[in-house]
Amino acid sequence: MKIWHILCFACLTVLSVFLLAAGWEFWLGEIVEQSLGFEQQKEPLEENWEQVVMATVLAGLALIVPVLMALKIGARRQEAQDDIARTADVLKTTFDNMSQGIAVHDADLDLIAFNQQYIDLLDYPLDFIRLGMPFEEIARFKAERGDYGDGDPEELLRERLAPGNLMKPDRKEIATARGLILAKHREPLPGGGYVTTFTDITKRKRAEEAVRESEGRLAGILDIADDAVISMDEAHRIILFNKGAEQAFGYEAEEVLGEPLEMLLPAEFREGHRRQVEEFAESATAARLIGERRELTGRRKDGTEFPGEASISKLDLNGKRVFTVILRDVTARKEAEREIAEKSAILQTTFENMSQGISVLDADLNLIAFNQKYVELWDFPPGFIRLGMPCEEIARFRAERGDYGPGDVEEHVRARGEGKERYEPISKEFTIPNGTIIALDADPMPGGGYVSTHTDITMRKQAEAARRESEANLKAHVIELEAAKRQCEAQGVELAGLAEDLAVARDQAEEANRAKSDFLALMSHELRTPLNAIIGFSEIIKSEMMGPLGNPKYGEYASDVFDSGQHLLGLINDILDLSKIEAGKMELEEKDVDVAEVIGSCLRLVTERAAKGGVKLITEIPDDLPALRIDERTLKQILLNLLSNAVKFTPEGGSVTVETWFRPESGFVLQVADTGVGIALEDIPKALTPFGQVGSRLDRKYEGTGLGLPLTKSLVEMSSGSLDLQSEVGAGTTVTVRFPPERAVATPAEDPSTPRSLSTA
């Protein structure tokens, strides 16, 4: 009630009392005077009616006005109480329906308010929480349930109830027994006590954890990606550099973050690359994938350059543009493409020189490969056959020419198409207008299409026709045939005996060959001992160790004997080594070998011969070449055979180059290249066959058995390596020996530096 209501009520009460007193005085005076017999001089009662009425009215007002005022004040108080009740109901409804749990404790730490969400979030038992319960009772329950962690519940409770702990603001995250994560916020109240809110942040925490896991997975994916992934901002500064980029460029991420991207490019390409990125930034395209951009050149930390393919994308994040480049080092692919091109050239040469015609159709029955023999056999017009042409077009030409016999051309074409679409083996014979008879054999490929061989069987067919004619003639001579039959039977018996004899002879020959190999492998000491004696004694005679010979011719003869003995010993050694390999008795003693030292020692052995022939020797050996796990004698024999052949077949003024290198992906490589007479492509297999010799205008200057290259190839393959010979007549020969990467003792940390180059005139 307001203060002015109280003042008005007091004034009206005083006035009512005053009026009531006045009326009471009038009526009481009359009664007293009459009862006591006082006689006063006054007007009769009816003559003072107005006064009586006025007094009565005043008395009534004095009673009615306070009553009315009290009733009005009571009505206003009820309205205020109703408003407060309605407001309390709204507040209670809001309080009970809040998503947060709320608990209020007074200065004595008794619970004076809470909502249902507080009970649900903290998982209290039914009817456990009640108004007025002490905080100690709630804390004891939580300590015994393990909400405060492991330990003695009483000790944990004392720590919670320590003076001052509960009256300080507190913000923390807590985990409930049923797996919820709550954000707890406690604030003291001005008059003592505190209010605590509990907010369920489980979903937010799980979302944050999911984001962290996603970021971790993305980082893991980027780290294991083989490709280099690099991101840069609008100023072309690097903001992301994954493990693949570290491997490709040789930088650690810390070295490049914040630096311009141009540091990863050769100087001559930087300006052009910047313009391309700026043009891409202004374009409507969101990404340019590998294959849509030309190749670029990267620059490693050590200054070396490498080819690469890259894709680029752009993305706007928080108003800032980020560019991401995915780069792939294609050095290995380029090397593989080069090797494939070389091998393809060999295959193409073989393909073109086959005696049969070859054609290949893809799954859509389009011609994807053929050789010239195919065109010649079928007598196609010049320029008619081309890659990519449909098989239907070839069939129509042949149908119109009459290869399929009489009938409707389109019907013939349709029939051939249906047969091929079933992808079944096809074997047919055709006679074309020029009289050639061709056998067609087509085999389906796994992915669809056909590989077909076309064989000229004209002569075979003519022979078969002649045989049939002969059989017809023979039928007229039955008696002669019967006699011939008997004779043939007798000859058959004889041939059977001969076959058995031949089988025995074959087995004896094979046994003799094995015995030969075993004999040569076991006769090493017996063959070398007399030769060593011849060489030793001839060297003593040649050097006149025991005194002068008297006639100079004896010295020349002794020198010839010595040289011939050396040459013969070398030949016998080659034969013995090859025989040991064939017999499986060659033993290797592998150890860590310094390849540069072995090359040097081998070069010293051929230097004199190279100098006499006017051949220049060149070596290219990197400084950080690792050691090679191999039999040292075998490696020397491989190099000496290759160097001797190269010097032998290189004319005066030419050169022989020895180069070696190591790459983790391709292994250990030794290469001997000369500028000599070379070998024709068709003679290369012969040169690698034991005792095979290739005739040329130069090779007969020296004697030889044709064992050098076959022996070298066998020694390389015994050491888990491979030998490749590339040659061209008049342009020289290159022999490449490769050993697997695991034979390298230590891999160099970086690519070989500029190789050292030595030459010997």
Stacked cation flag Lys301 on Phe249, 6.0 angstrom / 45 deg: no

How long is the gap from CG on Asp329 to CD on Glu309, to the nearest 0.5 Å? 10.5 Å

Examine Phe241 together with Tyr251 and report whether their ring centres are nearer than 6.0 Å. no

Can Glu259 and Arg237 be counted as an ion pair, charged N to O under 4.0 angstrom? no

Checking Thr736 against Gln671 for the side chain to side chain donor-acceptor pair (under 3.5 Å) test, could you report, in this order, the C-alpha distance in whole Å, the side-chain angles of both residues, the deciding distance, and whether it holds? CA-CA 4 Å; Thr736 304; Gln671 194 173 78; 2.9 Å; yes

Step by step, would you call Ser231 with Thr324 a side chain to side chain donor-acceptor pair (under 3.5 Å)? CA-CA 4 Å; Ser231 294; Thr324 299; 3.0 Å; yes

Any idea which heavy atoms bring Thr455 and Leu377 closest together, and the distance? N-CD1, 4.4 Å

Return the minimal non-hydrogen interatomic distance between Glu268 and Glu305, and the atom names on each side. OE2-OE2, 4.1 Å

When rounded to the nearest 0.5 Å, the distance separating CD of Glu717 from OG of Ser722 is 8.0 Å

Is a donor on one side and an acceptor on the other found under 3.5 Å between the side chain of Arg663 and the backbone of Ala332? no

To the nearest 0.5 Å, what is the distance between OG1 on Thr734 and CG on Asp724? 9.5 Å

Note: Asp631-Lys636 ion pair, threshold 4.0 Å (strictly below): no

Classify the ring geometry between His236 and Phe323 as parallel (under 30°), tilted (30 to 60°) or perpendicular (over 60°). perpendicular

Electrostatic pair Arg629-Glu742, nearest N-O below 4.0 angstrom: no

Do Phe662 and Phe739 have ring centres separated by under 6.0 Å? no

Measure the CD-CD1 distance between Glu262 and Ile238 for me, rounded to the nearest 0.5 Å. 10.5 Å

Using a cut-off of 6.0 Å, state whether more than 12 heavy atoms not belonging to Glu608 lie near its atom CD. no

List the atom of Leu628, the atom of Val595, and the distance in Å for their closest heavy-atom pair. CB-CG2, 3.6 Å

Separation of Leu639 CG from Leu715 CG (nearest 0.5 Å): 11.0 Å

Taking all atoms of both residues into account, what is the closest heavy-atom pair of Leu617 and Leu603, and its distance? CD1-CD2, 4.1 Å

Can any side-chain N or O of Asn371 pair as donor or acceptor with the backbone N or O of Ile358 at less than 3.5 Å? yes

Sidechain N-carboxylate O distance under 4.0 Å for Arg274, Glu271: no

Identify whether the distance between the nearest side-chain nitrogen and carboxylate oxygen of Arg275 and Glu278 falls below 4.0 Å. no

Closest heavy-atom contact between Gly678 and Thr733? CA-OG1, 3.6 Å

Backbone N/O of Arg300 and side chain of Thr304: donor-acceptor pair under 3.5 Å: no

Salt bridge check: are Arg386 and Glu393 linked by an N-O gap of less than 4.0 Å? yes

Starting at CG of Leu361, measure out to CE of Met445 and round the result to the nearest 0.5 Å. 7.5 Å

salt_bridge(Glu339, Arg738) N-O dist < 4.0 Å: yes

Can you check whether Glu252's main-chain N or O pairs, donor with acceptor, with Glu255's side chain at less than 3.5 Å? yes

Might you point out which heavy atoms bring Asn366 and Pro390 nearest each other, and give the distance in Å? OD1-CA, 3.4 Å

Does a sphere of radius 6.0 Å around CD in Glu246 hold more than 12 heavy atoms from other residues, nucleotides or ligands, not counting ones at 6.0 Å or beyond? yes

